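In what follows, a structure is listed as structure tokens, so that the remarks can point back to it.
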2 protein chains.
Amino acid sequence: MAGRVSRYTEIADDLRDQIKRGALAPSAQLPTEKELAERWDVSPNTIKKAVNELRQEGLVDTVPQKGSFVAEPAAPFVITLNHTDLGEENAPGRGFGGGEGRAFVAEAERQEHRANSSKPEVQVEDAESVHMKALGITPVPPDQPQPQVVRRSQQRFVDGKPNSLQHSYFKLELAIEAQALLKSADIEEGTVAYLQSRGHVQTGYEDEFNARPPKEEELKFFGLSRGSLAVIEHTRTAYDQRGEPFRLTITVYKPGTNRIRFIAGDVPAEVWERGS
Amino acid sequence: MAGRVSRYTEIADDLRDQIKRGALAPSAQLPTEKELAERWDVSPNTIKKAVNELRQEGLVDTVPQKGSFVAEPAAPFVITLNHTDLGEENAPGRGFGGGEGRAFVAEAERQEHRANSSKPEVQVEDAESVHMKALGITPVPPDQPQPQVVRRSQQRFVDGKPNSLQHSYFKLELAIEAQALLKSADIEEGTVAYLQSRGHVQTGYEDEFNARPPKEEELKFFGLSRGSLAVIEHTRTAYDQRGEPFRLTITVYKPGTNRIRFIAGDVPAEVWERGS
DNA sequence: GAGTGGTCTAGACCACCGG
DNA sequence: CGGTGGTCTAGACCACTCG
């Protein structure tokens, strides 16, 4: 019977079961790999493979020289990407700001979570080709000086825990006419409103979703170890009233603890309210 | 210098580099694990770990008893989830159908891809709690007969290749008053239009995104091996004119070959047109 | 210093694929 | 049949954390 299933699958199934049943409570430490190896009478590598499975499913967090722990049950923080407020039907920016900057904090507060973000790190750098494409920058041959962009990066936290990383890219020319983009400080009125005052009204956007393994930097920020869950990457290209792309925002979410959502048309109020 | 980086990372980096440079062309077979082990003078397990990295990044597909192959470059099929057509501003369903059923095929044709989907598999089954919650079904104690739902599942292909799996769930009562839901056949006019004719007008929906490792069934359908890229799961709960949830659709996409997108407000026409 | 997971070795046997 | 990757062993050393 058990012959059809590999040993490590069997072990992973057992651990998964214990977690789901609650025999292993959230944040509890799993038995050490050595202990598991003895209990199942298998070699350490087999245990590692089993634990690896659970890590990829997001059920377990492994902290390198400490141990593996049952992941906190998705403290579901819901990020609604296409609304900013529940007030006026025609409030400025309604339907156009969610998930970014101050909207992120507001959304959290509505759900009775505490959100904060780091001071933006501002960097001027050579544009990567994806960024150029999105921002409508014409590429130049590799032997010539490359076009540059301004990147504003923030780390975002919910209830003190790492939640997402956000990078916004702007053409350098835009940053020169809207210099707050170059300051490593929050833009008081919000980026959308600020840019609107400088003549770039956000009239629409295009969103894309992707899943990919975390980069080294993201592993560190989220406190994950290698072989963890994939991250969700949300890319928003914002267009102004002339139909020109003027902002590219890439947000990387740790999945499991985030629910990323969109709402269209009429849905019951309690759907909007639903936080956790 | 190389001492700081683990051996398998080094090997993965080298292979990744060869793929990106084109030294290993798409669909070409990688050197066998044995060969790599000899070339790098490491043990087989180290090679496996390196190849595993590339699999998780979607750069390589491994076919168990045959070999590892460079993945085809993402033939990007763009699925726009919130529009059905580019015609009339107020065309029925505009903004409300994208990505589902016939809309999927239409979207593909616009991008000059050929899409088709399998005949729907219809199953009546006990509702899982997450489905009950979404459809607003009140749970009953586990010792009583469980509420049931109708599941309609389709496999979807683009250019003959597996693209996504879609499962739609309906309350059993709804299927009784709208019996086409119970037939294992495409609904000619589209599910949204059909249900509208039965008194359930789709007035809004809520979308959620998640990333998770593929299930066994999905591995098989997508032709992936274990440890591959995460799949993207898109959940749509549709609400009718009374504000009642009446349909739950879960679509599982193989990432890399799909770009999943949303559009809001005004964007230039070429953004809509952008297929590949 | 004891304990943890991360990396790595040098083999082994198996199942499945192709010719 | 030989070749492939999948699984597994029984160790080893290392880097890091914690008390």
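None of the values given here were measured: they were computed from a predicted structure. Just so we're on the same page: letters track the sequence lines, and every chain starts at 1.
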Notebook entry, point to check: Which residue pairs pass the salt bridge (charged side-chain N to carboxylate O under 4.0 Å, His left out) test when at least one of the two sits in residues 61-70 of chain A, sequence neighbours left out?
Noted result: none
In whole angstroms, how far is the [atom2] atom of [N] from the [atom1] atom of [X]?
{"X": "B:L224", "N": "D:dG6", "atom1": "CG", "atom2": "P", "value": "13 Å"}
{"X": "A:R226", "N": "D:dA15", "atom1": "CZ", "atom2": "C1'", "value": "14 Å"}
{"X": "A:E53", "N": "D:dG6", "atom1": "CD", "atom2": "P", "value": "13 Å"}
{"X": "B:N52", "N": "C:dT7", "atom1": "CG", "atom2": "P", "value": "12 Å"}

Check: When you check the gap from the basic side-chain N to the acidic O, do A:E53 and A:K48 get nearer than 4.0 Å?
Finding: no
Note to self: One thing to verify: whether A:R226 and A:E216 come together as a salt bridge, which I'm taking to mean a side-chain N less than 4.0 angstrom from a carboxylate O.
What the structure shows: yes
Notebook entry, point to check: Quick one: do the A:T251 and A:S164 side chains pair a donor with an acceptor below 3.5 Å?
Noted result: no
Next item on the list: Would you list the pairs meeting ring pair (Phe, Tyr, Trp, His ring centres under 6.0 Å) in which at least one residue belongs to residues 210-232 of chain B, sequence neighbours left out?
Entry: B:F157-B:F221
Checklist line | Sequence-aligned protein contact record of nucleotides 8-14 of chain C, with B where the base is within under 4.0 Å of a protein heavy atom and S where only the sugar-phosphate is | finding: BBB----
Item checked: Of residues 23-36 of chain B, the positions that come close to DNA chain C - non-hydrogen atoms, cut-off under 4.0 Å -> none
Notebook entry, point to check: With sugar-phosphate meaning primed atoms plus P, OP1 and OP2, does B:S225 contact a base, only sugar-phosphate, or nothing at under 4.0 Å between heavy atoms?
Noted result: nothing
Margin query: Checking A:S228 now: which residues fulfil side-chain contact (heavy atoms from CB on, under 4.5 Å) with it, not counting sequence neighbours?
Written below: A:R55, A:L224, A:S225
Item checked: Residue list, salt bridge (charged side-chain N to carboxylate O under 4.0 Å, His left out) with A:K49, at least two apart or on another chain -> none
